[in-house]
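Proteins come first, then strands; the chains are lettered A, B, ... in the order of their sequence lines, and each starts at number 1.
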Amino acid sequence: MTFRLYDTATREVRDFAPLEEGKAGLYLCGLTVQSEPHVGHVRSGVNFDVLQRWLRHLGYDVTFIRNVTDIDDKILTKAAGQGRPWYNLAYEMHRELDRAYDALNVAPPTYEPAATGHIPEMVELITELIARDHAYAAADGSGDVYFDVQSWPSYGELTRQGIDDMEAAEDADPRGKRDPRDFALWKGWKKESEPETAAWPSPWGRGRPGWHIECSAMAGKYLGPAFDIHGGGVDLRFPHHENEQAQSRAAGRPFASYWMHNAWITTAGEKMSKSLGNSLTIPAVLKNYRGIELRFYLLMAHYRSHVEFSFEALDEAAVGLRRIEHFLDRAPAAETGDLPADFVAAMNDDLGTPAAIAVLYDAVREGNRLLAAGEDATPHVARVLAMLDVLGLHPDDSAWATGGGDDAKLTAAVDALVAGLLEQRAQARADKDFARADAIRDQIKTAGIEIEDTPSGARWTL
RNA sequence: GGUGGGUUGGCCGAGAGGCGAGGCAACGGACUGCAAAUCCGUGUACACGGGUUCAAAUCCCGUACCCACCUCCA
């Protein structure tokens, strides 16, 4: 059975056929590091992390490039408003993003290039485009360089739009554009409003890169002129990905074979954005939820499905996850085993994580049934661990071991205290003094600790 | 105006012509001193109106409503 994935360009699920046998090259448009990451931002990170893990599981040698955009209008404006250097803001938010990815067990890519580190590659690409008559330096002396969309007949092919049907942005400054739909490859330095640190030398004067060119340049540098899969959020299809493809192909690079786009996470029916406040930033959510719970929640929906975020749904996901964890807690330890065929089929079908999780629950239920019957559930434990592992949800994964020493010490301390009380309760139960036994249980419960009686004695959980 | 997507049970969320994915909640049962945990059982869901078909949530036509993108966006 082969891996199949939905390709936005062809609008159909297609067999994955890599350019080079046994290898897979992935490029994901990462974030513009201008504010704290929120739940919506990390979705593509988690989705592509699952893709990366699945391709590796299938035996592919994966090269995964996920960029960071560390210079753009917003960063400049925001940093100026805060009275600090733009690079300081971008760097801080980049570190914040790394923490969010770590908390969700999003494995690092092969490399995470930043736009500002690849100015020469972009200049090179722009030069090539000018030489091929697909780009031009603005005649108004602004130092801007634009891509000439009229010079590229297949412009619009990715999103199936004809140039004539596109609305030109009403608020777009026409500047030196030949056509209002031409987009900036290079933005000339505006001395009066932009810091000199945000301007790099180029054949067209000092300036900074347009948004789209960085991805074409970096994908080209690390993955070559042609690579397998390019991904990002649906909003990036146009203009970002359309432009990336146009400028890359116009420069003679075939570019991506498959395009993957994840759907939105909205709140109150709206796109998440800074205007909705900070309650949904990753640091805020992680105050009340574990990273593994958020990751599980994100994987319960298919990556191409729109998700209406709610804390109620996140709570439900967390409860469901705890059932899986509880099974592993009480079942005998086992090594990670093989994946059930149904799980593999679900994942091979365009990363069908919801169907895959259904298989996971089937294994948990059957394992619990065997445990209740006093039979050997080891094979089911092995299967469950294998499935969790490939989804990045393995409980022993070091990513979940946050807090470190203090947490462990605290757990040990609580365990000692609760153990004493449980001993008293066990004695009371042995004496049939159930009133006293229940009083002890209530006392422990008041502290937020649940007691559960098992054949081998009582156990506690927070 | 152009392009793409959506509407599934109390809730979340899969599926894409024929056995009711799965989860959460609820109810009944088993187990338990009582619980908890666990297991077993319980639901006649597919926006609306037509059509095709032996068979439609799934295909076709139409209608309604919602959303995204159209050069800042995960």
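- Lacking a ring centre under 5.5 Å from that of the base six-membered ring together with a plane angle below 30°, A:Tyr361 does not count as stacked on B:rG22.
- A donor-acceptor contact closer than 3.5 angstrom links the side chains of A:Asp144 and A:Tyr146.
- In this structure, A:Leu371 atom CG and B:rA30 atom P are separated by 22 Å, rounded to whole Å.
- Ring geometry, A:Phe16 versus A:Tyr258: the interplanar angle falls from 30° to 60°, so the pair is classed tilted.
- Minimum atom distance to the side chain of A:Pro239 is reached by B:rU71, of the listed B:rG2, B:rU71, B:rC34.
- Listed nucleotides B:rU3, B:rC72, B:rG13 differ in distance to A:Val307; the shortest reach to its side chain belongs to B:rG13.
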(message) What does the B/S/- profile of nucleotides 41-48 of chain B look like, 5' to 3', with a 4.0 Å heavy-atom cutoff to protein?
(response) --------
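- Between B:rC72, B:rG23, B:rG33, one nucleotide has an atom nearer to the side chain of A:Asp72 than all others, and that is B:rC72.
- Among the duplex regions that RNA chain B forms, those built from at least three successive Watson-Crick or G-U pairs under 3.5 Å are B:1-7 with B:64-70, B:10-12 with B:22-24, B:26-30 with B:38-42, B:47-51 with B:59-63, ordered by first number.
- Between the base of B:rA35 and the side chain of A:Arg441 there is a donor-acceptor pair shorter than 3.5 Å.
- Out of B:rG33, B:rA14, B:rU38, the shortest distance to the side chain of A:Arg429 is found at B:rG33.
- A donor-acceptor contact under 3.5 Å is formed by the side chain of A:Asn243 with the base of B:rU71.
- Note on ring orientation: taking the six-membered ring where Trp is involved, the planes of A:His134 and A:Phe147 are parallel (angle under 30°, cut-offs 30° and 60°).
- In the set B:rA37, B:rC12, B:rC34, the nucleotide with an atom closest to the side chain of A:Ala313 is B:rC12.
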